[in-house]
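Structure first, commentary second.
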Amino acid sequence: MGAAAVALLAATRRRSTPPVTSLLSRAVRGLHEATAAAEEDRARARRRRSSSSRLLGPDISDTWDPSPRAAARPPPPRDYAVDCEPTVTIIDGKSIAEDIRLQISEEVRQMKNAVGHVPGLAVVLVGDRRDSQSYVRFKVKGCEEVGIKSLLAELPGNCTEDEVVDSVARFNDDPSVHGVLVQLPLPQHMDEEKILNTISLDKDVDGFHPLNVGNLALRSRKPLFVSCAAKACLELLLQSGIDLMGKHVTIIGRSKVVGLPTSLLLQRHHATVSVIHAFTANPEEITRESDIVISAAGVANLVRGSWLKQGAVVIDVGTNPVEVITDVYCSFA
């Protein structure tokens, strides 16, 4: 009886234990699958990092070249004017924007499938300025096009500062809202900085929080958010294949919405940046020496052909209504 039990037990073990080759095959297959999954995770991470690092620019330390630099090109004569008619090349901003919208739409779709939620953007609009209302409509429409949830708090122009702060605080506490912005400008009787500082740092999609601005200025750090206008300027340049390293870029205007963050972002790309403002003594001369000109002064027809050297790239960030000429993004080749 004992021998029979031993034999039965041995036979059972032989049947329940898979062959060594099968075990090896399964182990190798599992290893391949795990390796492929890990590689895909790393690739996704690389794509995310490359997108962020590409926008914020390469992390290269300043090393001054002691060798004499090539002789600078003499400036054009004062009566020099660029004849842009035969050689103008338009930067196709609409096409670039459409590609970005398609990419964001796909990311939102994947997020909804993965976690069952979509990003939420909340906007606080105070008063009845037509330009502010127009900007907010574009934001709401943009959210709808890519599947982002949008919320809007509209307050009268004579409301109190505390009412605006309360609206911001409600959006701060709403877990379905991931970004909060207050449409500027605010009425004169309100403390703009106080209101903007009430926006949670992790929801400051306009990038106005002092920590976001400070981290943008420090090349060793990364802000949570960057001003959308500054990012738009950089996207137009980068996606058009325009090299920024070492180029002289002049920004006309120094607002915290466009001029300041754009200048900081360009310096992260190792451009040489000049900022022109209302008190600059020689704006035309500075602009005429620039490889790239970004006009964000809010003044129509400020930059003339005589301000530009041949081959300069020009981006007009303004939205000033004029009778005949409409704003374009263009590159003078």
Could you check if a side-chain atom of [X] sits within less than 4.5 angstrom of a side-chain atom of [Y], using non-hydrogen atoms only?
X      : Y      : answer
Arg137 : Val140 : no
Val293 : Trp307 : no
Pro223 : His209 : no
Gln239 : Ile100 : yes
Pro185 : Ser132 : yes
Val303 : Val314 : no
Ile91  : Val313 : yes
Leu266 : Cys233 : no

Give the minimum heavy-atom separation between [X] and [Y], together with the two atoms involved.
X      : Y      : value
Val257 : Ser227 : O-OG, 2.6 Å
Asp191 : Glu161 : N-OE1, 2.6 Å
Asp173 : Pro175 : O-CD, 3.2 Å
Val177 : Val180 : CG1-CG2, 3.8 Å
Ile276 : Pro283 : CD1-O, 3.5 Å
Ser274 : His248 : OG-NE2, 2.9 Å

Distance in Å, [X] [atom1] paired with [Y] [atom2], rounded so as to fall on 0.5 Å steps:
X      : Y      : atom1 : atom2 : answer
Leu102 : Glu145 : CG    : CD    : 10.0 Å
Tyr135 : Leu125 : OH    : CG    : 13.0 Å
Leu121 : Lys149 : CG    : NZ    : 11.0 Å
Asp202 : Phe225 : CG    : CZ    : 7.0 Å
Leu201 : Lys203 : CG    : NZ    : 12.0 Å
Ile292 : Thr287 : CD1   : OG1   : 13.0 Å

Within the supplied structure, the quantity of interest is the number of heavy atoms (other residues, nucleotides, ligands) at a distance under 6.0 Å from Asp128 CG; does it exceed 12? no

In this structure, are over 12 heavy atoms from other groups packed under 6.0 Å from Glu193 atom CD? yes

His117-Ser176 side chain donor-acceptor pair, cut-off 3.5 Å: no

Are [Y] and [X] linked, directly or through intermediate hydrophobic residues, by side-chain heavy-atom contacts shorter than 4.5 Å (ILVMFWY only)?
X      : Y      : result
Val213 : Leu216 : yes
Val205 : Leu152 : yes
Val299 : Ile286 : yes
Leu238 : Leu265 : yes

Carefully, step by step, assess Leu234 and Leu244 under the rule side chain to side chain contact (heavy atoms under 4.5 Å, CB included). CA-CA 9 Å; Leu234 265 291; Leu244 300 175; 3.5 Å; yes

Presence of salt bridge, [Y] and [X], under 4.0 angstrom:
X      : Y      : result
Glu98  : Arg101 : yes
Glu235 : Lys231 : no
Lys141 : Glu144 : no

Keeping the roles fixed (side chain from Arg109, backbone from Ile104), state whether a donor-acceptor pair exists under 3.5 Å.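 Not confirmed, Arg109 side chain does not pair with Ile104 backbone.
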
Between Asn172 (side chain only) and Thr198 (backbone N and O only), is there a donor and an acceptor less than 3.5 Å apart? yes

Which residue in the set Ser295, Ser290, Ser263 passes side chain to side chain donor-acceptor pair (under 3.5 Å) when paired with Thr250?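 Exactly one candidate clears the test, Ser290.
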
CA sep, side-chain torsions, deciding dist, call: Val164, Cys159, side chain to side chain contact (heavy atoms under 4.5 Å, CB included): CA-CA 8 Å; Val164 181; Cys159 70; 3.8 Å; yes

With Arg254 via side chain to side chain donor-acceptor pair (under 3.5 Å) - residues at least two apart: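 If we apply the side chain to side chain donor-acceptor pair (under 3.5 Å) test to Arg254, skipping adjacent residues, there are no hits.
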
Could you give me the CA-CA distance, side-chain angles and deciding distance for Lys256 and Leu184, then say whether side chain to side chain contact (heavy atoms under 4.5 Å, CB included) is met? CA-CA 11 Å; Lys256 65 184 174 187; Leu184 301 179; 4.2 Å; yes

Stepwise side chain to side chain contact (heavy atoms under 4.5 Å, CB included) test for Lys139 and Leu181: CA-CA 11 Å; Lys139 292 180 176 76; Leu181 61 85; 3.9 Å; yes

